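Because the structure is predicted, anything quoted here is derived from the model rather than measured. Order of listing sets the numbers, starting from 1, for every ligand and every atom in it. Side chains are part of it too, since the values below use all heavy atoms of this structure and drop only hydrogens, waters and symmetry mates.
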Amino acid sequence: MKEIKACIFDLDGVVVDTAKYHYLAWKRLAKDLGFEFHEKDNERLKGISRLDSLNILLEIGGVTLDNDEKERLAALKNQWYLEYIDRMTPEEILPSVKGFIEELKDSGVKIGLGSASKNANYILEKLGIIHLFETIADGTKVHNAKPHPEIFLLAAKELNVLPIHSVVFEDAEAGIEAAIRGGFRSVGVGNPSILGNANVVIPNFIGMTASKFYGMI
Ligand code: G6P
Ligand code: MG
């Protein structure tokens with residue numbers, strides 16, 4: 001085991017099951033604009049900022065809009081997304097991740113959040129897990145979205161650890177790329193055919209323990 005001083009978790013699709021709500025809200029927007037948005041294209045939207053996501057969605061639909069209209073639609077998508085979030089319960093914290101984070105903390109590892117979302121604080125507070133994170137680096141604090149490493153570098157800086165001593169947990173290809181560019185080790189959470197550039201890929205946190213993790217990274 002190499003020295004691990006901090007673990008930095010992405011939010012959507014790693015800690016909470018919100019990725020499906022982002023998808024549903026984008027799908028609804030696409031429908032309003034007159035085209036279908038399919039799950040296979042949704043992978044491209046994971047991990048990246050709201051406006052970057054909208055630009056990809058518009059490109060898929062072949063729709064051109066001015067900036068004011070883009071701002072309006074991004075706000076509308078967020079309004080729909082938050083309607084889902086408002087109905088969320090702690091059951092939508094992904095299985096076993098909370099216990100795993102608590103175990104890491106007990107073993108002296110610092111815990112940070114690294115998410116492009118501007119709703120991160122709200123979601124963590126609503127689900128009663130904000131106290132698990134020593135720092136929250138989110139979309140309100142950075143200029144460059146993943147795959148740029150800024151968000152993870154900020155989290156590591158706030159935790160006062162070097163990237164080489166930190167491990168990033170991510171469900172998005174753009175997030176794994178950001179971790180690699182920043183000099184972090186990474187764990188992909190999900191499909192190995194998408195997250196193959198990570199050091200390790202796990203399907204989810206079920207059965208994961210701190211000692212198992214130290215043995216695999
Ligand atoms: C995460 C999600 C993306 C989402 C982005 C911005 O990275 O994976 O799907 O677009 O956050 O989220 P926000 O809540 O600010 O719209
Ligand atoms: Mg994610």
Side-chain angles (χ1 to χ4, degrees), residues 7-30 37-60 70-88 92-94 97 101 112-127 129-130 133 136-152 154-155 167-179 182 184 186-191 194-195 197-198 201-205:
C7 286
I8 301 169
F9 289 80
D10 172 49
L11 177 68
D12 297 303
V14 171
V15 175
V16 289
D17 199 8
T18 43
K20 64 181 181 209
Y21 297 135
H22 280 296
Y23 171 61
L24 290 173
W26 287 125
K27 196 172 169 62
R28 181 170 167 189
L29 187 65
F37 176 53
H38 300 287
E39 198 145 15
K40 68 171 172 42
D41 292 320
N42 187 50
E43 218 50 55
R44 294 175 65 195
L45 270 52
K46 285 188 183 171
I48 63 170
S49 74
R50 198 179 306 165
L51 218 51
D52 287 349
S53 300
L54 176 63
N55 282 326
I56 293 176
L57 189 84
L58 295 176
E59 180 200 305
I60 290 169
K70 283 185 192 176
E71 291 288 345
R72 191 185 74 77
L73 293 182
L76 186 60
K77 179 265 172 180
N78 195 50
Q79 184 191 317
W80 292 335
Y81 175 67
L82 288 176
E83 284 170 13
Y84 293 119
I85 297 303
D86 286 340
R87 293 196 294 267
M88 268 183 107
E92 287 172 84
I93 298 169
L94 284 161
V97 66
I101 292 175
L113 190 92
S115 166
S117 176
K118 294 182 173 164
N119 297 303
N121 265 280
Y122 176 62
I123 292 169
L124 293 173
E125 256 180 34
K126 183 173 167 52
L127 297 179
I129 51 174
I130 199 158
F133 299 89
I136 293 173
D138 67 12
T140 64
K141 296 185 180 170
V142 295
H143 297 295
N144 301 294
K146 300 167 190 175
H148 193 285
E150 185 181 4
I151 204 123
F152 295 134
L154 175 66
V167 179
V168 164
F169 290 78
E170 257 295 347
D171 72 318
E173 198 177 4
I176 296 295
E177 194 182 330
F184 296 85
S186 58
V187 175
V189 184
N191 187 341
I194 295 163
L195 305 169
N197 289 335
V201 182
I202 57 173
N204 52 52
F205 290 96

Tell me the protein heavy atom at minimum distance from atom 16 (O) of ligand 1, and give that distance in Å. R50 NE, 2.8 Å
Of all heavy-atom pairs linking D138 and S117, the shortest is CB-O, 3.3 Å
Does the side chain of E92 come under 3.5 Å of the side chain of Y21 through a donor N or O and an acceptor N or O? yes
Below 3.5 Å, N or O to N or O, backbone or side chain included: is there any such pair between N119 and ligand 1? yes
Protein residue, atom and distance nearest to atom 2 (C) of ligand 1, heavy-atom basis: D12 OD2, 3.4 Å
Which class fits the ring pair Y81 and H22: parallel under 30°, tilted 30 to 60°, perpendicular over 60°? parallel
Walk me through whether N204 and V97 qualify under side-chain contact (heavy atoms from CB on, under 4.5 Å). CA-CA 8 Å; N204 52 52; V97 66; over 6 Å; no
Quick one: does S117 get an N or O within less than 3.5 Å of an N or O on ligand 1? yes
Quick one: does ligand 1 sit under 4.0 Å from the side chain of H22, the backbone, both or neither, non-hydrogen atoms only? side chain
Please report whether the ring centroid of F169 lies less than 6.0 Å from that of F9. yes
Please walk me through it: do E39 and K20 pass salt bridge (Lys or Arg N to Asp or Glu O under 4.0 Å)? CA-CA 10 Å; E39 198 145 15; K20 64 181 181 209; over 6 Å; no
Check for me whether A172 has a heavy atom closer than 4.0 Å to any atom of ligand 1. no
Honestly, for S53 the part within reach of ligand 1 (heavy atoms, under 4.0 Å) is side chain
Any donor-acceptor pair under 3.5 Å from K126 side chain to D86 backbone: yes
Distance below 2.8 Å from the Mg ion (ligand 2): protein N/O/S atoms: D10 OD2, D12 O, D171 OD1
Which heavy atom of the protein is the closest neighbour of atom 10 (O) of ligand 1, given with residue, atom name and distance? I48 O, 3.0 Å
So for G47, does at least one of its heavy atoms come nearer than 4.0 angstrom to any atom of ligand 1? yes
Does any donor atom in the side chain of K118 or N78 lie under 3.5 Å from an acceptor atom in the other side chain? no
Reported CG-to-CG distance for the pair L124 and N119, which is rounded to 0.5 angstrom: 10.5 Å
Atom indices of ligand 1, in the order listed, that fall short of 4.0 Å to a heavy atom of K118: 13 (P), 14 (O), 15 (O)
So that I can tick it off, tell me whether K146 and E170 are bridged by a salt bridge, with the cut-off set at under 4.0 angstrom between side-chain N and carboxylate O. yes
Dump the intermediate steps for side-chain contact (heavy atoms from CB on, under 4.5 Å) on L94 and V16, then the final yes or no. CA-CA 5 Å; L94 284 161; V16 289; 5.7 Å; no
Answer side chain, backbone, both or neither: which part of L45 comes under 4.0 Å from ligand 1, heavy atoms only. backbone
